[in-house]
Amino acid sequence: MTISLPAAEPAGSGLRAATHAGVRTIWFDRPDRRNAMTLDMFRAYYAALSAADADPAVRAIVVTGAGDWFCSGADPESLHALLDGGNRDQLMNEFGFEPHLPMTLGTPIIAAINGGAAGLGLVHALYADIRFLAAEARLATAFSRLGLIAEYGSAWLLPRLIGVGNALDLLVSGRKIDAAEALRIGLVQRVLPRDEVLAEAQAYAAQLAASCSPASMAVIRQQVWSGLETGAAVAAADATRLMTESLAGADFGEALASLAEGRTPRFAARSGS
């Protein structure tokens, strides 16, 4: 299944976005710079995620790159600018968003990694819930090769996604891995030819938008992320409470009615979205 998107519109510094069938697709759009990210572009991306999450018409988000790269990381000119202490202070104090913002949203995020991703670009993919990767792509943390530490929560994310040993391997070495290795260690969930990655990610997102309760997906997403730091007993007790609430919710009744009537459920938008 593929979906046909309308022409993408500018969505801020170095971004484009388009919405169709409940799916907001966001492109990193500096192909001449391998979609390298400036601070303004980073800020615009988080603003675009927040706007999509607040839009009741959006039920899933796909993020991808224009051209042959997903995102090569921080723009080299931006990195050089950080040698100046004033610019470092701006990065720390004037960004305007929490670095882990994608984890706090209610809308599922699918990364269509159409090409290489490194450093900050890889971090953006890690914050997605599901990752589709081009078979031709290569991935790298790169931080240690720049004299940097594991940025933006990647030292927290990677061990939970692929295990401590694999995480340390990628973070300490900064080496590139190919799509086969990324799939083997669980860093990505699908590997496809480059020209199929975006369409498949959009089709997956469209299925979420059409068939899954936005309220349920939001709660499940938070259960998973918060559960990474919660003991089993607390998580189970919390799930019992949330299950009781969901049994009393309108979406459960709508799901049963749609099954009985042999039709697609008509779930309402998330409350407060």
Side-chain angles (χ1 to χ4, degrees), residues 1-78 95-97 99 101-102 105-134 136-137 139 152 188 190 192-210 273:
M1 173 185 176
T2 60
I3 61 176
S4 178
L5 284 166
E9 297 293 336
S13 178
L15 301 179
R16 288 184 293 128
T19 305
H20 179 74
V23 177
R24 174 77 48 84
T25 302
I26 301 170
W27 284 263
F28 300 134
D29 192 27
R30 300 180 73 209
D32 57 322
R33 302 284 292 177
R34 302 190 301 181
N35 298 323
M37 186 156 288
T38 65
L39 181 57
D40 285 343
M41 183 178 171
F42 191 173
R43 188 182 289 113
Y45 173 54
Y46 272 20
L49 288 179
S50 297
D53 190 56
D55 187 342
V58 175
R59 300 194 173 196
I61 299 167
V62 173
V63 57
T64 192
D68 294 335
W69 277 76
F70 179 74
C71 177
S72 60
D75 185 270
E77 293 180 7
S78 298
F95 179 53
F97 296 96
L101 172 103
L105 305 180
T107 308
I109 302 170
I110 298 92
I113 310 170
N114 57 299
L120 179 57
L122 180 59
V123 173
H124 289 318
L126 298 181
Y127 274 121
D129 302 302
I130 308 292
R131 284 164 289 280
F132 288 66
L133 179 65
E136 302 88 340
L139 308 176
Y152 297 104
V188 301
R190 310 279 196 283
L192 298 154
R194 186 195 304 275
D195 61 1
E196 298 178 16
V197 169
L198 178 57
E200 288 297 319
Q202 289 171 331
Y204 179 90
Q207 285 295 317
L208 298 184
S273 65

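These numbers were taken from a predicted model, which means no experiment stands behind them.
Checked by atom type and distance alone, the side chain of S13 never pairs as donor or acceptor with a backbone atom of D40 at under 3.5 Å. For N35 (side chain) and G65 (main-chain N/O), no donor-acceptor pair under 3.5 Å exists by modelled atom type. Side-chain atoms of D129 come within 3.5 Å of backbone atoms of I109 as a donor-acceptor pair (strictly under, hydrogens ignored). Panel note: side chain E136, backbone R194; a donor-acceptor pair is recorded below 3.5 Å. Using modelled atom types, one side-chain atom of Y46 and one backbone atom of P99 make a donor-acceptor pair closer than 3.5 Å. Under the 3.5 Å distance criterion, the side-chain polar atoms of D53 are matched with a main-chain donor or acceptor of T107.
Here the shortest heavy-atom pairing between A74 and L120 reads N-CB, 4.1 Å. Shortest non-hydrogen contact noted between R16 and A66 is NH2-CB, 3.9 Å. For the pair A137 and L133, the tightest heavy-atom approach, listed with the atom from each and the gap, is CB-CD1, 3.6 Å. Contact between G115 and A134 at its shortest, heavy atoms only, is N-CB, 4.4 Å. Of all heavy-atom pairs spanning A201 and A112, the tightest one is CB-CB, 3.7 Å.
Between N114 and D68 there is no side-chain heavy-atom pair separated by less than 4.5 Å. Inter-residue side-chain proximity for V23 and V62 is flagged as met; some heavy-atom pair is nearer than 4.5 Å. Side chains of Y204 and R190 form a contact here, defined as non-hydrogen atoms less than 4.5 Å apart. The side-chain heavy atoms of F132 and I113, taken from C-beta on, include no pair separated by under 4.5 Å. Using a 4.5 Å heavy-atom threshold, the side chains of L49 and I61 count as touching.
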Working for side chain to side chain contact (heavy atoms under 4.5 Å, CB included), residues H20 and T25
CA-CA 8 Å; H20 179 74; T25 302; over 6 Å; no
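Screening F28, F70, Y152 for a ring pair (Phe, Tyr, Trp, His ring centres under 6.0 Å) involving H124 leaves a single residue, F28.
Rounded to the nearest 0.5 angstrom, D75 CG and F42 CZ are separated by 14.0 Å. Rounding to the nearest 0.5 angstrom, the gap separating the OG1 atom in T64 from the CD atom in Q202 is 8.0 Å. For the atom pair R24 CZ and D55 CG, the distance stands at 5.0 Å (nearest 0.5 Å). Atoms CD and CG, from E200 and L192 in turn, are 5.5 Å apart once rounded to the nearest 0.5 Å. Note that CZ of R131 and CG of L126 are 6.0 Å apart. Values are rounded to the nearest 0.5 Å. The line from OG of S50 to CG of L101 is 4.5 Å long, rounded to the nearest 0.5 Å.
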